[in-house]
Number of protein chains: 4
Amino acid sequence: MAREIDHRSPSPPYRQIAAYLVADITAGVFAVGAPIPSEKELCEAYGVARNTVRNAVRWLRDAGYVETVVGRGSYVLDRASSTDKAGANESA
Amino acid sequence: MAREIDHRSPSPPYRQIAAYLVADITAGVFAVGAPIPSEKELCEAYGVARNTVRNAVRWLRDAGYVETVVGRGSYVLDRASSTDKAGANESA
Amino acid sequence: MAREIDHRSPSPPYRQIAAYLVADITAGVFAVGAPIPSEKELCEAYGVARNTVRNAVRWLRDAGYVETVVGRGSYVLDRASSTDKAGANESA
Amino acid sequence: MAREIDHRSPSPPYRQIAAYLVADITAGVFAVGAPIPSEKELCEAYGVARNTVRNAVRWLRDAGYVETVVGRGSYVLDRASSTDKAGANESA
DNA sequence: GTGGTCTAGACCACA
DNA sequence: GTGGTCTAGACCACA
């Protein structure tokens, strides 16, 4: 269940988690319009601190994979229809 | 009609709503002695949850702009006649 | 351990929790300068939702019993050295 | 859908609604442990004011048909296992 | 039909 | 890992 984070990898944990989530979104595990797991669930699933999952989710948001609604969660976007915003840092 | 809340602003939504209401009171849109809109109406006008408008109205109350009467509503005070309490409860 | 909240009392739960905390502060269970339990711990101790303990802590803050430091916690004040603010925000 | 309230009946509206709800509970429309409709839903279903449905639900509570949890709703009790408290007024 | 309180969560900013 | 804010409801006391 809990996928492994390699703390010796040059890729930081938040980036590894982001990659796992991108894989799940691409594979349709999390459908367009559906929410990804909550911060709390991701903390438990990957055994990391809140800030780490927050960084991972921020990466997904900046990359245009999800949008975040305060008090609700982060929802999968239909990425094909959106401009790639990676690095733009304009999303909420 | 519904003024915009900027969810990306460093000022939280309840503070933005409070600022809009202060502007309306100062401009005389809501006269001294008259009620401001009900919590339900403010929810609809700004598209936020009730707790958010309650935080905004609490801010107005703490700042001396309105007084709240249970079961009735919040009424505009003649601010000139009251000590300025703004800032008393802004921390935390 | 978990003191009882009487949901049939005319005093709402947050006020009962505030009274328990005032008793503990007065009795020296929480010393001046020391933190009171975190919101999460109070939720578990009293079996209530977080908003309820937040209302209780807000009451303590308004009454001058504690000061709250964001990201840290709420610390017991030396009440003798502060003006009694109790009652300032009890209305509404 | 909305059952009729007879405003000319000697039985007041809240008592008629309580009777409808007792019938539904007895018939198993609302199962033991399940919630009855919210106050808002009952207002709409019967076309009456909030206070009226509140009186109806209070009657059910006093009669031991349901228990009310603040912030959650009113849940059907297994009446066979409880003493008939009608009129006792001890329930929450 | 108002404001008051509560539930049970969520994400955010900060330390 | 804290307190801050928000969502989307619920029931309560009062007018």
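Letters A, B, ... mirror the listed sequences (proteins, then strands); counts begin at 1.
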Seminar exercise, completed: Pairing string of DNA chain F (Watson-Crick or G-U wobble, both atom distances under 3.5 Å; | = paired to other strand) is ||||||||||||||.
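- Whole-Å rounding puts the C:L42 CG to E:dA8 C1' distance at 17 Å.
- Here B:R72 does not reach the OP1 or OP2 of F:dC14: none of its side-chain N or O atoms lies under 4.0 Å away.
- Rounding to whole angstrom units, CD of residue B:E44 and C1' of E:dT2 are separated by 14 Å.
- For A:V70, the listed nucleotide lying nearest its side chain is F:dC6; candidates were F:dC6, F:dC11, E:dG3.
- Between B:G71 and C:P12, the residue anchored closer to the 5' end of DNA chain E is B:G71, taking for each the nucleotide with the nearest heavy atom.
- The phosphate of E:dC12 has OP1 or OP2 within less than 4.0 Å of a side-chain N or O from A:R61.
- Distances shorter than 4.0 Å separate none of the side-chain N or O atoms of B:R50 from OP1 or OP2 on F:dA8.
- Listed by first and then second residue, the side-chain hydrogen bond (donor to acceptor under 3.5 Å, both in side chains) pairs that reach into residues 24-36 of chain A are A:R3-A:D24, sequence neighbours excluded.
- By the side-chain hydrogen bond (donor to acceptor under 3.5 Å, both in side chains) test, A:N55 pairs with no residue at all, sequence neighbours left out.
- As rounded to whole Å, 11 Å separates atom P of E:dA10 from atom OH of A:Y75.
- Side-chain atoms of B:Q16 and B:S9, non-hydrogen and from C-beta on, do get closer than 4.5 Å to each other.
- Per the geometry, CG belonging to B:N55 stands 14 Å off C1' belonging to E:dT5, to the nearest Å.
- For B:Y20, the ring-ring contact (aromatic ring centres under 6.0 Å, His included) test picks out B:Y46, with sequence neighbours left out.
- Residue C:P13 is in sugar-phosphate contact alone, with no base atom involved, counting any heavy-atom pair closer than 4.0 Å across all strands shown.
- With respect to D:L21, the side-chain contact (heavy atoms from CB on, under 4.5 Å) criterion is satisfied by exactly one of D:F30, D:Y65, D:W59: D:F30.
- Heavy-atom nearest nucleotides on DNA chain E were determined for A:S74 and for D:V69, and the one closer to the 5' end corresponds to D:V69.
- Going from atom CZ of B:R15 over to atom P of E:dA13 covers 17 Å, rounded to whole Å.
- Between the NE2 atom of B:H7 and the P atom of E:dC12 there is a distance of 12 Å, given to the nearest Å.
- Using a 4.0 Å cut-off on heavy atoms, none of the residues of residues 31-41 of chain D approach DNA chain E.
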Exercise. Does the side chain to side chain contact (heavy atoms under 4.5 Å, CB included) test come out yes or no for C:I17 and C:I5, once each step is laid out?
Worked result: CA-CA 8 Å; C:I17 293 170; C:I5 299 299; 3.5 Å; yes
Acceptor/donor pairs from residues 47-54 of chain A side chains to any protein atom, 3.5 angstrom cut, sequence neighbours excluded:
residue : atom : partner : partner atom : Å
A:R50   : NE   : A:E39   : OE1          : 2.8
A:R54   : NH1  : A:E39   : OE2          : 2.6

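- Heavy atoms of C:V48 sit under 4.0 angstrom from primed sugar atoms or phosphate atoms, though from no base atom.
- Put simply, the side chain of D:N51 and the base of F:dC12 share no donor and acceptor less than 3.5 Å apart.
- Residue B:T52 places at least one side-chain N or O closer than 4.0 Å to OP1 or OP2 of F:dT7.
- The nearest whole Å value for the distance from the CZ atom in B:R58 to the C1' atom in F:dT5 is 12 Å.
- For residues 25-36 of chain B, no pair satisfies salt bridge (charged side-chain N to carboxylate O under 4.0 Å, His left out), with sequence neighbours left out.
- For B:R54 and E:dT2, the CZ to P distance is 13 Å, given to the nearest whole Å.
- Shown here for D:V76 and D:A31, the closest heavy-atom pair between the two residues is CB-O, 3.3 Å.
- Hydrophobic cluster of D:V69: the remaining members, joined at side-chain heavy-atom separations below 4.5 Å, are D:Y75, listed by chain and number.
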